[in-house]
Amino acid sequence: MSEVRVRIAPSPTGDPHVGTAYIALFNIAFARKHGGRFLVRIDDTDQTRSRPEYEKGILDSLNWLGLTWDEGPGMDNDWGPFRQSERTEHYREAAKRLLESGHAYRCFCSSEDLERIRIERAQMKLGRGYDGRCRKIDPEESGRRAEAGEAHVVRLAVPQEGDCRLQDEIRGEIVTPFKEVDDQILMKSDGFPTYHLANVVDDHRMRITHVIRGREWISSVPKHLLLYQALEWEPPCFYHMPLLLNPDGTKLSKRKNPTSIRYYQQAGYLPEALLNFLGMMGYSRPGGEEKFSLEELISDFEPKRLHSSDAVFDIQKLRWLNGRYLREDLTPEDLYQRLTNWRMNESLWKPMAELMLTRMETLGDFVPSVAFTLADDFESPAEDFVPKKRTPEETVQFLQTILWAFEEDDAWDKENVQKTIERVTELWNWKIREATAPLFVAIMGKKVGPPLYDSIAILGKDLSRARILKGIVQLGDISKKKLRKLEKRWKSGTLAPPASS
RNA sequence: GGCCCCGUCGUCUAGCUAGGUUCAGGACACCGGGUUUUCAUCCCGGCAACACGGGUUCAAAUCCCGUCGGGGUCACCA
């Protein structure tokens with residue numbers, strides 16, 4: 001059998017997600033166990049959302065965790081390049097072959113057409129996919145129209161009958177009737193491939209032997225298998241890992257939990273502890289010892305021990321584990337070094353000194369006032385959150401919309417933070433003082449402190465978000481139904497209640 | 001809603017492949033006690049689960065069927 005090659009294919013469209021590290025970890029364990037290679041491929045085919053700084057963020061975070069790759073972006077070799085945006089000719093070639101062999105067809109429907117079809121089919125309870133109308137267009141005519149420059153996409157011609165059989169190494173055989181599978185778009189009208197095509201083409205060209213990824217991908221496997229078949233390539237083995245979950249049992253999401261690896265870094269977790277923690281979800285080591293290093297995980301890694309059921313990401317257990325690493329593995333000197341390398345250094349002290357200068361009477365006033373920049377966990381009295389003439393519920397909703405607003409802009413500096421907060425406050429028709437009160441308490445744990453906007457900017461996006469999220473929970477949270485309603489109002493920009501005065 | 005996946009203490013899990021050694025073991029959290037000038041650590045103890053119902057069998061957490069519950073997915077996002 002040829003050399004084992006595995007990969008992760010993160011898309012640079014957001015903050016580095018702990019789920020990416022979790023999947024990377026098991027890919028690495030698998031590769032090392034079998035003397036194979038692990039690669040990182042950047043899946044940046046979504047031109048509207050991909051950003052170089054996100055790619056850097058993901059790579060940096062993986063490095064921080066000690067998750068290293070044998071092949072990846074910037075390390076060109078026979079199988080590279082490792083950024084999908086640099087491999088477009090491969091996808092076009094594959095699409096062409098698919099078109100020629102009749103396994104794919106051009107679709108000239110506009111997004112409006114598609115929307116209409118979707119609604120119609122939903123009403124007739126036909127399932128929500130595309131109805132395949134463009135499949136009937138004669139290939140020659142289709143070619144002419146494309147030649148003439150008519151906008152189109154390329155779709156996979158999924159068989160109308162039969163079943164897809166997937167042999168999942170974790171779950172066994174998974175059978176899906178083809179009639180449940182949509183005529184997936186392979187090439188977008190911008191000339192870029194969708195995940196499905198790019199993924200299959202690259203996995204083949206990069207000689208990937210085992211695909212280990214989250215189980216949210218199970219439902220798209222039929223499309224992939226169809227592609228392998230049509231292209232006459234041998235498919236890899238599949239391992240669909242259990243999902244990481246929020247405490248409420250839904251897929252781990254930043255709406256409900258801190259998911260950014262950077263958050264854990266900045267909140268003061270040790271990389272080895274986070275990695276260890278990730279390794280005990282979805283897998284368990286033979287001896288039963290819960291504390292183990294990456295090397296130990298690799299040394300007796302056994303794919304058979306991979307679980308099939310999902311796991312709740314329990315921050316309390318992570319904290320406990322992290323504590324063990326601190327007290328069992330570090331000397332006081334080590335601790336001091338970690339602390340200063342972390343955030344207890346001039347990168348934090350200097351900007352805070354600037355803010356504090358006019359707000360102190362003795363040097364001793366400094367640390368209590370800036371303690372919030374280093375604290376991971378603190379409780380603030382719920383009643384302090386709520387401005388005088390507002391209810392807790394209003395306050396929760398306000399904070400929630402601040403969170404959404406923060407999600408929208410990427411630049412994280414004082415000016416943007418201020419603009420965002422002012423914008424949301426205006427939408428609510430609140431006074432700015434009412435807005436800053438709950439934010440102060442959420443961010444600092446008390447009603448007074450250094451200037452809010454600067455503080456939020458210095459604290460950083462990940463920590464600030466987490467604090468506000470925690471404030472919301474502390475205030476009694478928000479029901480699913482109300483959240484949905486609020487989101488609707490938020491999206492339409494009509495937050496303020498009808499003017500009463 | 002269709003399709004698919006999953007179902008052991010509140011949470012992470014051992015045990016399930018090859019049914020008996022398990023009135024189900026460990027860990028986190030929680031509760032109680034001990035050590036410690038305080039706290040933390042550490043030590044001891046406690047609480048707490050095989051989703052439910054049928055079947056197969058001398059014997060089922062382990063095999064089969066059904067039900068229920070949870071989740072994932074149904075984009076010119078990955």
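Treat the numbers as computed from the prediction; the structure is a model and nothing was measured.
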Any donor-acceptor pair under 3.5 Å from [X] side chain to [Y] backbone:
X: H307(A); Y: S309(A); result: no
X: T194(A); Y: I185(A); result: yes
X: N246(A); Y: S253(A); result: yes

Over all strands shown, is [X] touching base, sugar-phosphate only, or nothing at heavy-atom distances under 4.0 angstrom?
X: V175(A); result: sugar-phosphate
X: R49(A); result: base
X: S189(A); result: base
X: C164(A); result: nothing
X: T45(A); result: sugar-phosphate
X: L243(A); result: sugar-phosphate
X: G288(A); result: nothing

Between G45(B) and G26(B), how far is it from one P atom to the other, in whole Å?
10 Å
Complementary nucleotide for [N] - Watson-Crick or wobble, under 3.5 Å:
N: G10(B); answer: C28(B)
N: U35(B); answer: none
N: C3(B); answer: G72(B)
N: G19(B); answer: none

side-chain contact (heavy atoms from CB on, under 4.5 Å) filter on E487(A), not counting sequence neighbours, yields R255(A), W404(A), K491(A)
Distances under 3.5 Å between nitrogen or oxygen atoms of protein and nucleotides 43-52 of chain B:
none

Rounded to the nearest angstrom, tell me the gap between atom [atom1] in [X] and atom [atom2] in [N].
X: I174(A); N: C6(B); atom1: CD1; atom2: C1'; answer: 11 Å
X: D44(A); N: C76(B); atom1: CG; atom2: P; answer: 20 Å
X: Q184(A); N: A75(B); atom1: CD; atom2: P; answer: 8 Å
X: N199(A); N: C77(B); atom1: CG; atom2: C1'; answer: 13 Å
X: D248(A); N: G71(B); atom1: CG; atom2: P; answer: 8 Å
X: R171(A); N: C4(B); atom1: CZ; atom2: P; answer: 15 Å
X: Y54(A); N: C77(B); atom1: OH; atom2: P; answer: 17 Å
X: H240(A); N: C4(B); atom1: NE2; atom2: P; answer: 16 Å

Taking the six-membered ring of Y325(A) as reference, does the cationic atom of K291(A) (NZ for Lys, CZ for Arg) lie under 6.0 Å from its centre and within 45° of its axis?
yes
Which nucleotide in C3(B), A29(B), C76(B) has an atom nearest any side-chain atom of W320(A)
A29(B)
Considering only side-chain heavy atoms of T176(A), which listed nucleotide, U73(B), C4(B), G71(B), is closest?
C4(B)
Is there a side-chain polar atom (N or O) of [X] under 4.0 Å from OP1 or OP2 of [N]?
X: R327(A); N: C42(B); result: yes
X: K223(A); N: A75(B); result: no
X: K188(A); N: C77(B); result: yes

Strictly under 6.0 Å, is that where the ring centroids of H34(A) and F30(A) end up?
yes
If you take the centroid of each ring, where Trp contributes its six-membered ring, are W69(A) and F82(A) closer together than 6.0 Å?
no
In plain terms, say whether [X] and [Y] are close enough for a salt bridge, that is, a side-chain N and a carboxylate O under 4.0 Å apart.
X: E93(A); Y: K96(A); value: no
X: R145(A); Y: E141(A); value: yes
X: E302(A); Y: K304(A); value: no

Examine the side chains of D202(A) and Y91(A) and answer whether a donor and an acceptor come within less than 3.5 Å of each other.
yes
When you match S220(A) and E328(A) each to their closest nucleotide on RNA chain B, which lands nearer the 5' end?
E328(A)
Please list, for nucleotides 7-17 of chain B, all pairs of protein and nucleotide N/O atoms separated by less than 3.5 Å.
unit_1: C12(B); atom_1: OP1; unit_2: V312(A); atom_2: N; d: 2.9
unit_1: C12(B); atom_1: O2'; unit_2: M280(A); atom_2: O; d: 3.2
unit_1: C12(B); atom_1: O2; unit_2: K317(A); atom_2: NZ; d: 3.2
unit_1: U13(B); atom_1: OP1; unit_2: G282(A); atom_2: N; d: 2.7
unit_1: U13(B); atom_1: OP1; unit_2: H307(A); atom_2: ND1; d: 3.3
unit_1: U13(B); atom_1: O3'; unit_2: S284(A); atom_2: OG; d: 3.4
unit_1: U13(B); atom_1: O3'; unit_2: H307(A); atom_2: NE2; d: 3.4
unit_1: A14(B); atom_1: OP1; unit_2: S284(A); atom_2: OG; d: 2.7
unit_1: A14(B); atom_1: OP1; unit_2: H307(A); atom_2: NE2; d: 3.0

